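By convention in this document, chain letters (A, B, ...) are assigned in the order of the sequence lines, proteins followed by strands, and residues within each chain are numbered from 1. Side-chain atoms are counted along with the backbone in the values below, which use heavy atoms only and exclude waters and symmetry mates. Just so we're clear, the structure is a prediction, and the values are computed from it rather than from any experiment.
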Number of protein chains: 2
Amino acid sequence: MATIRDVAKLAGVSVATISRYINKNGYVNEDTKLRVEQAIKTLQYEPNAIARGLAGRKTGTIALIFPDITNPFFAELARAVEDVARMYGYTVILCNSDNQADKEQTYIKVLKQRYVDGILFASYNLRSDDVEALKSEKIPLVMLDRAPRDASCSIVSSKHLEGAQMAVQHLMDVGCKKIAHIYGPQETVTGRERFMGYEQSVKNLPWYSPSLVEPGYFRVDGGMAAVENLMQRHPDIDGIFAGNDTMAVGALKKLQRLGLRVPDQVALVGFDGIDLTLIVEPEITTVAQPIYDMGMLSTRLLIKKIEGDIQEEQTHLFDVTLIQRGSTERKRNDE
Amino acid sequence: MATIRDVAKLAGVSVATISRYINKNGYVNEDTKLRVEQAIKTLQYEPNAIARGLAGRKTGTIALIFPDITNPFFAELARAVEDVARMYGYTVILCNSDNQADKEQTYIKVLKQRYVDGILFASYNLRSDDVEALKSEKIPLVMLDRAPRDASCSIVSSKHLEGAQMAVQHLMDVGCKKIAHIYGPQETVTGRERFMGYEQSVKNLPWYSPSLVEPGYFRVDGGMAAVENLMQRHPDIDGIFAGNDTMAVGALKKLQRLGLRVPDQVALVGFDGIDLTLIVEPEITTVAQPIYDMGMLSTRLLIKKIEGDIQEEQTHLFDVTLIQRGSTERKRNDE
DNA sequence: GTGAAAGCGCTAACAA
DNA sequence: TTGTTAGCGCTTTCAC
């Protein structure tokens, strides 16, 4: 592989000129520019990214730390991140944290060693001193859906609380008289806010009872178990709002096994808008987040911070959309 | 951040000694070893991976090139790869190729610039000269489920042909009298071999007809469309073997919409063993590949090649397993 | 066993 | 505009 020195020699200039040309900073005369281009072409020169990293402290690498790539939500997010990164000439490092603090910490250490230019973080346990540490080392950071209290950092999220209220409202609109909630982990912003949205919507209604909620751990089996418990306690439940689509899928499966017709006997709404909701029958009504857009925006934000285009920490809140599907499509909008 | 020089100074030795200690090559006296350890600890020294890469040409990075992380099969694979890589101190770069040759080529270029230590390749278009090029540059490569003709390289795959025959046999065992096949892209090894397995199993049977196959493009909507066409041509089809689980899910959905009972009127088998088959009702019988194990093994293989533990190219063929579920669970095993 | 020193390929002052 | 040069932090001969 040709080096910058070879190019310089062939073009009859110094390496500094080549460097300037490549990085498009500093002046380069038009004539020499042409010679340089020629030389680069004939030698098929490709700058060495590692050497650039060492010399310039910019590696063109960003890291994506999140719970689990196997989760369709994060897979779609990762896809968006990678797409945008590629467009901007960045490469992305994949880090599955399983929401374990020690894994997150190890990653951060490793990533520093590798001079990653920035980190996109969507796992739970980052504390404000971690954020401060990264900040003091000038490593740009964008958080997805979570932020340590009293740490200022850039955040990309969406309207979970509002979305939860939309979900509940929709269930009432299609005639539900007793609506349960399967909630996600309360350590998570998403799990918490969606729970709150449900609670605020129903707590003053006559039929409300605290025993209408059940945890589902954001998992299919969790959703199934939750339905089992809920229906046992309240056989008259006729609407379920699941805190995410994965649990909604589990809920649907269990409802069908219990012989309950969806949506006629029990209507069901999920949250997130992942494709899983489309492959089951009936398809599941969901409060969709613009996952791909969120991934795109957060990556753009991160790259802008890396490249110094923005300094301040920004917060972006995306709107969510209720997508009505079979799981709430009842014959009659009764009452 | 402390550098190797700081450590050397504090320990009262030269940087060479520190380097030897870190890399565990060359002799280091027991006493000095202790002093070095002390120094490293007090300074919280972490070797700089970029500098090591430049000097030693080993970056501790491997790349995973495959079609799309959004595909559950590849997501699970990626998870395995990342898990193993982490265990061995490697970091993984994510590359979605969408099976486009140009993206693959661009990636290979970028990855070379970044001195990746090895590449795990599961996309379609790599040609034998690409393989040779990588080989001549001493970049270890492991291919998943595909290999350019007449290029020797390490391959990890599983028994697609045999698996397809198992699927068909199973359908016959549960009493199917007319079995169709929804096939995947014939440019892919997987699509081709599964098709061949089907063909070999049925071509001499009295009911066989070439119009019993239909493409499904490895996609949900493809599976749906295929079922529509197949059932129109042959309303008496009572068994379907889909070339992968994604198409099987689509097939199931369409069958249900057509009002056909699964498994009683039409039994259904997929291929791959992804979780999608578990979330639908009925659950789908599938020929499962050990996806996670395949990811683990191929990563281990790659790392061994990187670290010089093996030279020769190896081929690993995994067994597949028929997992029987609701989609083929008929009341009576008739005839 | 250990150290001195020459790079790895590039960037970025600073001079010219 | 362009060139000289000193690093970036580490590995690796080659002496001692």
Provide, to the nearest angstrom, the distance between the CG atom belonging to A:Leu43 and the P atom belonging to C:dC10. 12 Å
Which listed nucleotide (D:dT2, C:dT11, D:dG9) is nearest to the side chain of A:Tyr27? D:dT2
May I have the step-by-step check of side chain to side chain contact (heavy atoms under 4.5 Å, CB included) for A:Ile274 and A:Ile291, ending in yes or no? CA-CA 8 Å; A:Ile274 60 179; A:Ile291 308 176; 3.8 Å; yes
Minimum-distance nucleotide (side-chain atoms of B:Ala16 versus C:dA4, C:dA13, D:dC10): C:dA4
If you assign B:Ala51 and B:Val15 each to the DNA chain C nucleotide with the nearest heavy atom, which residue ends up on the more 5' nucleotide? B:Val15
Would you indicate whether A:Lys112, at its atom NZ, is surrounded by more than 12 heavy atoms from other residues, nucleotides or ligands within a distance under 6.0 Å? yes
Within 6.0 angstrom of B:Lys58 NZ, more than 12 heavy atoms from elsewhere: yes
Got a donor-acceptor contact below 3.5 angstrom from the B:Asp6 side chain to the B:Thr3 backbone? yes
Would one find a side-chain N or O of A:Tyr115 under 4.0 angstrom from OP1 or OP2 of D:dC10? no
Sugar-phosphate, base or nothing in reach of B:Ser19, heavy atoms under 4.0 Å: base
Under 4.0 Å: is that the gap between some side-chain N or O of B:Thr32 and OP1 or OP2 of C:dG1? no
Closest listed nucleotide, where the reference is the side chain of A:Ser14 and the choices are D:dG9, C:dC10, D:dG3: D:dG3
Reckon B:Tyr21 touches a base, only the sugar-phosphate, or nothing at all at heavy-atom distances under 4.0 Å? nothing
Give me the one residue out of B:Leu302, B:Leu126, B:Ile108 that meets side chain to side chain contact (heavy atoms under 4.5 Å, CB included) with B:Leu141. B:Leu126
State which of C:dT11, D:dC10, C:dA4 makes the closest approach to the side chain of A:Ala55. C:dT11
In this structure, how many angstroms lie between the C1' atom of C:dG1 and the CZ atom of B:Arg35, rounded? 12 Å
Separation of A:Arg52 atom CZ from D:dG7 atom C1', in whole Å? 18 Å
A:Leu54 side chain: which of C:dG9, C:dT11, D:dC10 is closest? C:dG9
Whole angstrom value for the distance that separates C1' of D:dC10 from CZ of A:Arg114: 14 Å
Using atom CZ of B:Arg5 as one end and atom C1' of C:dG3 as the other, report the distance to the nearest whole Å. 14 Å
Mind calculating the distance between CD1 (A:Ile22) and C1' (C:dC10) to the nearest angstrom? 8 Å
So does B:Thr17 get a side-chain nitrogen or oxygen closer than 4.0 Å to the phosphate oxygens (OP1/OP2) of C:dG3? yes
Residue B:Asn29, side-chain atoms from C-beta onward, closest of D:dC10, D:dG3, C:dT2: C:dT2
Can you tell me the distance, in whole Å, between the CZ atom of A:Arg20 and the C1' atom of C:dA12? 9 Å
Derivation and outcome, salt bridge (Lys or Arg N to Asp or Glu O under 4.0 Å), residues A:Arg79 and A:Asp83: CA-CA 6 Å; A:Arg79 179 65 214 232; A:Asp83 284 350; 3.1 Å; yes
Rounded distance in Å - NZ (B:Lys112) to P (C:dG9): 16 Å
Is the distance from OP1 or OP2 of C:dC8 to the nearest side-chain N or O of A:Asn48 less than 4.0 Å? no
